[in-house]
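Computed from heavy atoms alone, side chains included, the values below leave out hydrogens, waters and symmetry copies.
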Amino acid sequence: MTAGSSSVPSLQAARAILGVAPGADERELRAAYREAAKRAHPDRPGGDAALFRDVLAAYRLLQDAPTRPIHFPPAVAEPVRVEQATLRIDAALAFAGGSLDLTLDARKLRLTLPAGLRENDKVRVENVTFRVALEHDPDALVRGGDLWLTARLDARALAEGGRIEVATALGPRLVWISTKAAARGLVRLPGQGLPARGPHRAGDLFLRLEALGDGVESAARSQLKRFAAAWAA
């Protein structure tokens, strides 16, 4: 806007006259108006009455104009990426390995576990390092590389000994039970525990022998009785 003009055609021109930016608040407008009015006042050397009127008109226009708030996009929090986690597995997975699906910080992960995992071993997938923690199960324990399983069989089979298939938490096992092993209730099978993996050598398998109580038959003996009864009918 030049001296001699007596109108303010637009908000942009009004801001140019006062020298303020869009979004200036009332305090900034007032300070800019005072400075511009002081320079244009006709009583001052170099002042101009028409410019003074333009300054006043610009100030009033900007005072009445609605201020548009400046909107900033909302801050979007970056998802927290877990880099380390604990993986709890049972003795069966530690022994044989296998696939495991899980969800971690909204990500679906599939882990392919090798056979022979020990406590505190590390498994890594998609930049996440899992520390292995073995779950406690009194019937299937892992101690280092050794595997301790409870084998239950009827008292008669335990007393007779010999080569017997026994039921365990990890499936049936065919073992030789000597009189000495039956007496102490423990059979050791060297090299049949957790398989060798990396720096770990193969562990041993320990079978804790438990005789079924009086009046309680093993599943195998019950099945044999049912078969005999059906055959005789």
Heavy-atom side-chain contact between Arg44 and Lys38 under 4.5 Å: yes
Under a 4.5 Å cut-off applied to non-hydrogen side-chain atoms, are Leu174 and Arg163 in contact? yes
Which atom names give the shortest non-hydrogen contact between [X] and [Y], and what distance separates them?
| X | Y | value |
| --- | --- | --- |
| Leu147 | Ala91 | CD1-CB, 4.1 Å |
| Thr112 | Ser99 | OG1-OG, 4.2 Å |
| Gly144 | Val142 | O-CG1, 3.4 Å |
| Ala155 | Ala211 | CA-CB, 3.9 Å |
| Ala182 | Leu209 | CA-CD1, 4.4 Å |
| Val20 | Ala32 | CG1-CB, 3.4 Å |

From [atom1] ([X]) to [atom2] ([Y]), nearest 0.5 Å:
| X | Y | atom1 | atom2 | result |
| --- | --- | --- | --- | --- |
| Leu186 | Lys180 | CG | NZ | 11.5 Å |
| Asp137 | Thr150 | CG | OG1 | 8.0 Å |
| Leu18 | Glu28 | CG | CD | 12.0 Å |
| Leu134 | Leu194 | CG | CG | 8.0 Å |
| Glu119 | Arg131 | CD | CZ | 6.5 Å |
| Gln63 | Glu26 | CD | CD | 5.0 Å |

Evaluate the criterion side-chain contact (heavy atoms from CB on, under 4.5 Å) for residue pair Phe95 and Asp90; output intermediate values, then yes/no. CA-CA 9 Å; Phe95 176 76; Asp90 57 18; over 6 Å; no
Sub-3.5 Å donor-acceptor pair from the side chain of Arg124 to the main-chain atoms of Lys122, do we have one? no
Examine [X] and [Y] and state if one hydrophobic cluster contains both, with Ile, Leu, Val, Met, Phe, Trp and Tyr joined whenever side-chain heavy atoms are less than 4.5 Å apart.
| X | Y | answer |
| --- | --- | --- |
| Leu207 | Leu153 | yes |
| Leu158 | Leu189 | yes |
| Trp148 | Ile89 | no |
| Ile17 | Tyr59 | yes |
| Leu141 | Leu117 | no |

Are Arg88 and Glu135 ion-paired here, with the side-chain N under 4.0 Å from a carboxylate O? no
Electrostatic pair Asp121-Arg197, nearest N-O below 4.0 angstrom: yes
Can you list the other members of the hydrophobic cluster that holds Trp176, where links are side-chain heavy atoms under 4.5 angstrom apart? none
Before giving the answer on salt bridge (charged side-chain N to carboxylate O under 4.0 Å, His left out), spell out for Asp139 and Arg152 the whole-Å C-alpha distance, their side-chain angles and the decisive distance to 0.1 Å. CA-CA 10 Å; Asp139 287 342; Arg152 295 181 175 88; 3.2 Å; yes
After noting the C-alpha distance and the side-chain angles of Phe130 and Leu111, does the key distance pass the side-chain contact (heavy atoms from CB on, under 4.5 Å) rule? CA-CA 10 Å; Phe130 291 92; Leu111 282 67; 3.9 Å; yes
Can you tell me if [X] has over 12 outside heavy atoms packed within less than 6.0 Å of its [atom1]?
| X | atom1 | value |
| --- | --- | --- |
| Arg110 | CZ | no |
| Arg60 | CZ | no |
| Arg34 | CZ | no |

For Leu87 and Leu100, run side-chain contact (heavy atoms from CB on, under 4.5 Å): C-alpha distance rounded to whole Å, both residues' side-chain angles, the deciding distance at 0.1 Å, then the answer. CA-CA 10 Å; Leu87 178 65; Leu100 184 65; 3.6 Å; yes
Walk me through it: do Leu109 and Thr103 pass the test side-chain contact (heavy atoms from CB on, under 4.5 Å)? CA-CA 6 Å; Leu109 303 177; Thr103 301; over 6 Å; no
Parallel, tilted or perpendicular, as decided by the 30° and 60° cut-offs, for the rings of His41 and Phe52: perpendicular
Please enumerate all residues that pass side-chain hydrogen bond (donor to acceptor under 3.5 Å, both in side chains) together with Arg188, with sequence neighbours excluded. Asp204
